Amino acid sequence: MVASTMKMLQKWEEERGGRDEFELEVNKELHDLSADIISRTAFGSSFEEGKQIFESIDRQTSLVLQALRSVYIPGFRVNCFSATAFGVLSQKLIFYKTLEGIETYPFYLLSSDSNVFAHKEEQNEVAVGQGNSRINKDSNLALHQEWQTKAREQVFSICRECEVPTAENLNEFKIVSMILNETLRLYPPAVALMRQTSKSVKLGTLNVPANTQLYLAMTAVHHDTELWGADANEFNPMRFTEARKHFASFFPFGLGARTCVVQNLAVVEAKIALAMIIRRYYLFVSPSYVYAPTQYVTLQPQHGAHILFRRV
């Protein structure tokens, strides 16, 4: 993880070219970083070697989303599949149906955390997903310089000799962890989870029959003022210094037996990447940034996350 992040930072320095300030679209940068880390940790290779695989996954993801958003007329489906490029590819990639389980998205976890960097001060709120849950725009590290400063000071105090995070000191990055948790609360990778009961079950006072499909609006729970207080829509990492009112009030990777299998991998790589980035750069929201979160299997910035970087 450190090697992949260091390679990315070296690329950024080349992009900087000696300038005091430069701009990057970090969503794509972190997407590629995540792919490189997964390639190295899982397969012993690099993103360049596995590029074709990741491009195939991107295409498969697009097809899944098209399928989920499409309406088929009975008896017309075969003709539709055989007559369109979408149909032909859908037949070839039918095995990828597992993506319908919304927690199976290991290749987009770190890129979804680009939300930690930027959200623009224009509109008060933007609705995401379904129901009445709303996400406040003012909830990122580039706008809250005081939290960026606190995190940077802690990183410098921990990484004085080794300069980079290690397995031994990773748990000491308390402020970085609080910032990431607050980002995952406000912008969870999945806006909702789907579950189905395999047998009749009683949840509190509610009797739920077998084969009932449950839609768990994660974004709504993460923004519930009864659970998180009147400032539930605001960026406040301090809330993670206290015990939660309810165990299931925070579940960005799911809960129970079906918790996302790469949760620990994602959290560790996000913590390492953020620590190494803020140690080297000051972050500012670019004037070209457009706030438009959208669901693309995971929640991501529709028009990218444009950040101005200034060398520390």
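This one's a predicted model, so the numbers in the text were calculated from it and none came from an experiment. In this chain, numbering begins with 1 at the start of the sequence shown.
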Would you say [X] and [Y] make side-chain contact, with heavy atoms under 4.5 Å?
{"X": "Leu283", "Y": "Leu308", "result": "no"}
{"X": "Pro293", "Y": "Pro301", "result": "no"}
{"X": "His31", "Y": "Asp58", "result": "yes"}
{"X": "Trp147", "Y": "Met178", "result": "yes"}
{"X": "Met276", "Y": "Val164", "result": "yes"}
{"X": "Cys159", "Y": "Phe173", "result": "yes"}
{"X": "Val191", "Y": "Met218", "result": "no"}
{"X": "Leu24", "Y": "Ile307", "result": "no"}

Go through it in stages, so that I can follow the logic: the residues are Glu29 and Lys11, the test is salt bridge (Lys or Arg N to Asp or Glu O under 4.0 Å), and I'd like the CA-CA distance, side-chain angles, deciding distance and then a yes or no. CA-CA 10 Å; Glu29 295 291 321; Lys11 175 189 163 190; 3.2 Å; yes
About how many Å separate [atom2] of [Y] and [atom1] of [X], when rounded to the nearest 0.5 Å?
{"X": "Asn236", "Y": "Ile179", "atom1": "CG", "atom2": "CD1", "value": "11.5 Å"}
{"X": "Tyr282", "Y": "Arg311", "atom1": "OH", "atom2": "CZ", "value": "10.5 Å"}
{"X": "Thr241", "Y": "Ile175", "atom1": "OG1", "atom2": "CD1", "value": "11.0 Å"}
{"X": "Glu269", "Y": "Asn264", "atom1": "CD", "atom2": "CG", "value": "11.5 Å"}
{"X": "Leu186", "Y": "Thr219", "atom1": "CG", "atom2": "OG1", "value": "10.0 Å"}
{"X": "Thr225", "Y": "Asp231", "atom1": "OG1", "atom2": "CG", "value": "10.0 Å"}

Run the salt bridge (charged side-chain N to carboxylate O under 4.0 Å, His left out) test against [X] and tell me which residues pass, sequence neighbours left out.
{"X": "Asp224", "value": "none"}
{"X": "Arg280", "value": "none"}
{"X": "Lys28", "value": "Asp32"}
{"X": "Glu21", "value": "Arg310"}

Under a 3.5 Å threshold, yes or no: a donor from one side chain and an acceptor from the other, between [X] and [Y]?
{"X": "Arg59", "Y": "Ser62", "result": "no"}
{"X": "Asn169", "Y": "Thr166", "result": "yes"}
{"X": "Ser288", "Y": "Glu23", "result": "yes"}

Apply side chain to side chain donor-acceptor pair (under 3.5 Å) to [X] and list each qualifying residue two or more places apart in sequence or on a separate chain.
{"X": "Arg279", "answer": "none"}
{"X": "Arg244", "answer": "none"}
{"X": "Glu25", "answer": "none"}
{"X": "Thr5", "answer": "none"}

Does any N or O in the side chain of [X] come within less than 3.5 Å of the main-chain N or O of [Y], such that one atom is a donor and the other an acceptor?
{"X": "Ser4", "Y": "Met1", "result": "no"}
{"X": "Glu163", "Y": "Arg160", "result": "no"}
{"X": "Thr197", "Y": "Pro209", "result": "yes"}
{"X": "Thr41", "Y": "Ile37", "result": "yes"}
{"X": "Thr61", "Y": "Ile57", "result": "yes"}
{"X": "Trp228", "Y": "Val221", "result": "yes"}

Please step through side-chain contact (heavy atoms from CB on, under 4.5 Å) for the pair Leu255 and Phe247, ending with a clear verdict. CA-CA 10 Å; Leu255 280 177; Phe247 174 70; 3.8 Å; yes
May I have the step-by-step check of side-chain contact (heavy atoms from CB on, under 4.5 Å) for Arg195 and Leu193, ending in yes or no? CA-CA 7 Å; Arg195 293 291 185 265; Leu193 296 176; 4.2 Å; yes
Can you list every salt bridge (Lys or Arg N to Asp or Glu O under 4.0 Å) pair that touches [range], not counting sequence neighbours?
{"range": "residues 168-194", "result": "Glu182-Arg185, Glu182-Arg239"}
{"range": "residues 141-150", "result": "none"}
{"range": "residues 198-215", "result": "none"}

Measure across [X] and [Y] and return the closest heavy-atom pair with its distance rounded to 0.1 Å.
{"X": "Gln196", "Y": "Asn211", "result": "NE2-OD1, 3.7 Å"}
{"X": "Ser200", "Y": "Ala210", "result": "OG-N, 3.5 Å"}
{"X": "Ala142", "Y": "Gln148", "result": "CA-NE2, 4.1 Å"}
{"X": "Phe54", "Y": "Ala35", "result": "CZ-O, 3.4 Å"}
{"X": "Leu33", "Y": "Ala273", "result": "CD2-CB, 3.9 Å"}
{"X": "Pro165", "Y": "Val2", "result": "O-CG2, 3.6 Å"}

Working for ring pair (Phe, Tyr, Trp, His ring centres under 6.0 Å), residues Phe284 and Phe309: CA-CA 7 Å; Phe284 305 92; Phe309 291 84; 9.4 Å; no
Begin from the C-alpha positions of Leu299 and Thr294 and carry the test side-chain contact (heavy atoms from CB on, under 4.5 Å) through to its verdict. CA-CA 6 Å; Leu299 186 64; Thr294 187; 5.8 Å; no
Ring centres of His222 and Phe251 under 6.0 Å apart?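 That pair passes the under 6.0 Å test.
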Assign the ring pair Phe22 / Tyr281 to parallel, tilted or perpendicular, where the plane angle (0 to 90°) is split at 30° and 60°.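 Perpendicular.
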Consider only side-chain heavy atoms of I, L, V, M, F, W and Y, link residues closer than 4.5 Å, and tell whether Val285 and Val312 are in one cluster.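 No, Val285 and Val312 fall in different hydrophobic clusters.
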Can Leu170 be reached from Phe156 by stepping across I, L, V, M, F, W or Y side chains whose heavy atoms are under 4.5 Å apart?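 Not linked; separate clusters.
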Could you go step by step and tell me if His303 and Tyr291 meet the ring pair (Phe, Tyr, Trp, His ring centres under 6.0 Å) rule? CA-CA 8 Å; His303 304 297; Tyr291 178 76; over 10 Å; no
Partners of Ala3 by side-chain contact (heavy atoms from CB on, under 4.5 Å), sequence neighbours excluded?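 So Ala3 forms a side-chain contact (heavy atoms from CB on, under 4.5 Å) with Arg40.
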